[in-house]
Amino acid sequence: MEIGEGREIGREAQQGRGSRRVAAINIGPDHHTTHVDSKENKLDNQDDPLKEPGWKRFIAHVGPGFLVSLAYLDPGNLQTDLQAGASDKYELLWVILIGLVFALIIQSLAANLGVTTGRHLAELCKSEYPKYVKFCLWLLAEVAVIAADIPEVIGTAFALNILFHIPVWSGVLITGLSTLLLLGLQRYGVRKLELVISMLVFAMAACYFGEMSYVKPPAAEVVKGLFIPKLNGNSATADAIALLGALVMPHNLFLHSALVLSRKTPPSVKGIKDACRYFLLESGFALFVALLINIAVVSVSGAVCSSNTLSAENSDRCGDLTLNSASFLLKNVLGRSSSTVYAIALLASGQSSTITGTYAGQFIMQGFLDLKMKKWLRNLMTRCIAITPSLIVSLIGGSSGAGRLIIIASMILSFELPFALIPLLKFSSSRTKMGPHKNSIYIIVISWILGLGIIGINIYFLSTSFVGWLIHSTLPKAANVMIGMIVFPLMAIYIIAIVYLTFRKDTVVTFIANGSDPAQVEMGKGVHQCRNDQDGNEVVPYREDLADIPLPE
């Protein structure tokens, strides 16, 4: 490949691992830099995108954040919100606020990782870890996708049951088919699908804000709950842990790092920094909308369950509020129209979340296994894997069994989180992965404190829940001893695996390929040796963008 008088010094080392970016730097006297167009094999001015107005470049980056924000609005989160409001009124709103601020930090790290490296988290895990470790990480990621999809599928089935009195198991099947139909929009480009999902998000927001107009929660108490931390009693502590554990989902980290690859990022340091800033702003706005909706759900539940006119029957329902029982509660207290509004919001939440769950499953499968298959076949396989547990449980246990499955799925997600979060924190702080764009020392400290904090909370919640269940179990003593002998060693292995991922030193260089040129080798070791172009912008190695491909192939 010829580039005038210059010569190519950067190329992705492992082209079989999804690399489509090439770095070309002229090291002649004038240090003039050009951009190689891999499709037309001609020179292109790399700074052209940077000459567009800032608002136009920001609009071009809008989309991934809204898809990601749906994980914070899925039926599993709605159920924990409803229960927190019913049990503690508005006192735990501060947990949601802190959780979504933490989510913004973590999601921005995932977006930065994809923008800077040109690879998503699953691809980086595949290239970094030994064979057996990456196989285990892939299995855990697939289980996380299935667990995340369970509340979404069941929530949609509950919504269809409320609206049309369709049996839950039939609703599960309909959910799978409708998701495949909506995913068919990706053949027209990922932006079309993002638009549809964004409309569902705003429809959900309108529904819950409409419900708030019925119950009119006291504004002073809502604001106090947001900014004054308070935990009254053991139930409040358990509800707070459940709220926090439900907010950050492992599959979302794989998803966000991949979705940003569908945007064209200029191959300069300035272009990458601008893209990271735009994705941060877009994610911040999307998560702010998610925060408002979560506040509305907790406020509606708190206002209804603390009403003086609440009947004894509905008071009992408030004690164990689920997605299905909450709809009947709202119908009895607020009228039939409110029940319909609730069901429409639940339908929008479940359907849009299943789409993003399928996306995440595709990226995980492609990144870890590098499978080459047609999109419709990959969609079908992902949907079948995801809906199978929900279908089996809904057929056997009905609505009550499906409701319990949501709780189990939330616990599985809490268990899975470290195996996506720790690699993300390490990769985004690594110079060999991010080059000059690695996290600053302040972000490293803050993200690790928050990350280890939420991992510790989840481990505490899981261990205390299991021990409590074991103590109060009605099973024979021999059965309890047998279960303990199996589970406690597994818990020890779990903690050892977390320690291994945390302290293992990264060995694979993915920021730039090693080459024969001394400057390239220096950069491959993580040393910042980028040259400037004629306008003074630093140029770094980059991978050709996937702007014309809805999903990595």
Side-chain angles (χ1 to χ4, degrees), residues 76 79-80 82-84 86-88 136-137 139-151 154 168 231-246 248-250 316-325 388-419 421-422 452-502:
Q79 176 161 314
T80 56
L82 289 167
Q83 188 59 61
S87 302
D88 306 287
C136 291
L137 290 176
L139 285 178
L140 290 168
E142 291 289 358
V143 172
V145 170
I146 294 172
D149 211 42
I150 285 171
I154 292 176
V168 174
L231 289 174
N232 292 326
N234 293 330
S235 63
T237 303
D239 289 340
I241 292 173
L243 277 174
L244 199 58
V248 182
M249 296 188 180
D316 292 338
R317 287 177 176 174
C318 282
D320 186 22
L321 207 56
T322 63
L323 290 175
N324 215 15
S325 65
T388 298
S390 303
L391 182 60
I392 293 172
V393 172
S394 58
L395 280 170
I396 297 173
S399 298
S400 60
R404 285 193 295 272
L405 186 60
I406 292 178
I407 299 172
I408 295 172
S410 299
M411 295 181 70
I412 291 173
L413 287 171
S414 297
F415 173 86
E416 299 278 352
L417 181 61
F419 302 103
L421 182 56
I422 291 175
L452 292 177
I454 197 168
I455 289 171
I457 288 171
N458 284 336
I459 292 175
Y460 170 80
F461 177 65
L462 289 171
S463 58
T464 53
S465 297
F466 172 73
V467 171
W469 174 83
L470 205 61
I471 292 172
H472 299 97
S473 174
T474 56
L475 295 173
K477 283 187 177 181
N480 284 340
V481 170
M482 185 65 67
I483 292 172
M485 290 176 62
I486 294 172
V487 173
F488 285 117
L490 290 177
M491 291 175 67
I493 294 172
Y494 175 72
I495 294 173
I496 291 170
I498 292 175
V499 172
Y500 167 80
L501 289 177
T502 303

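We count residues from 1, following the sequence as given.
- Looking at residues two or more places apart in sequence or on another chain, you find a side-chain contact (heavy atoms from CB on, under 4.5 Å) between Leu140 and Phe415, Glu416, Phe419.
- Using a 4.5 Å heavy-atom threshold, the side chains of Ile146 and Pro389 count as touching.
- Under the 4.5 Å side-chain criterion, counting only non-hydrogen atoms from C-beta, Ile498 is in contact with Ile459.
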> How far apart are the C-alpha atoms of Ile454 and Leu421, what are their side-chain angles, what is the distance that settles it, and do they pass the side-chain contact (heavy atoms from CB on, under 4.5 Å) test?
Replying inline: CA-CA 10 Å; Ile454 197 168; Leu421 182 56; 4.1 Å; yes
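- Looking at residues two or more places apart in sequence or on another chain, you find no side-chain contact (heavy atoms from CB on, under 4.5 Å) involving Ile496.
- The closest side-chain heavy-atom distance from Leu413 to Pro250 is below 4.5 Å.
- The CG atom of Asp149 lies 10.0 Å from the CD1 atom of Ile154; values are rounded to the nearest 0.5 Å.
- More than 12 heavy atoms of other residues, nucleotides or ligands shown are found within 6.0 angstrom of CE on Met491.
- Interatomic distance, CD1 of Ile495 versus OG of Ser463, reported as 8.0 Å (0.5 Å rounding).
- Shown here for Cys318 and Ala86, the closest heavy-atom pair between the two residues is O-CB, 3.4 Å.
- Looking at heavy atoms from C-beta onward, Ile422 lies in side-chain contact with Ile455 at the 4.5 angstrom threshold.
- With sequence neighbours left out, Thr388 forms a side-chain contact (heavy atoms from CB on, under 4.5 Å) with Ile392.
- With Ser87 contributing its side chain and Ala84 its backbone, the two residues share no donor-acceptor pair below 3.5 Å.
- Among all heavy-atom pairs drawn from Tyr494 and Pro418, the shortest one is OH-CG, 3.4 Å.
- Other residues, nucleotides and ligands place more than 12 heavy atoms under 6.0 Å from the OH atom of Tyr500.
- With rounding to the nearest 0.5 angstrom, the CZ atom of Phe466 is 10.5 Å from the CD1 atom of Ile471.
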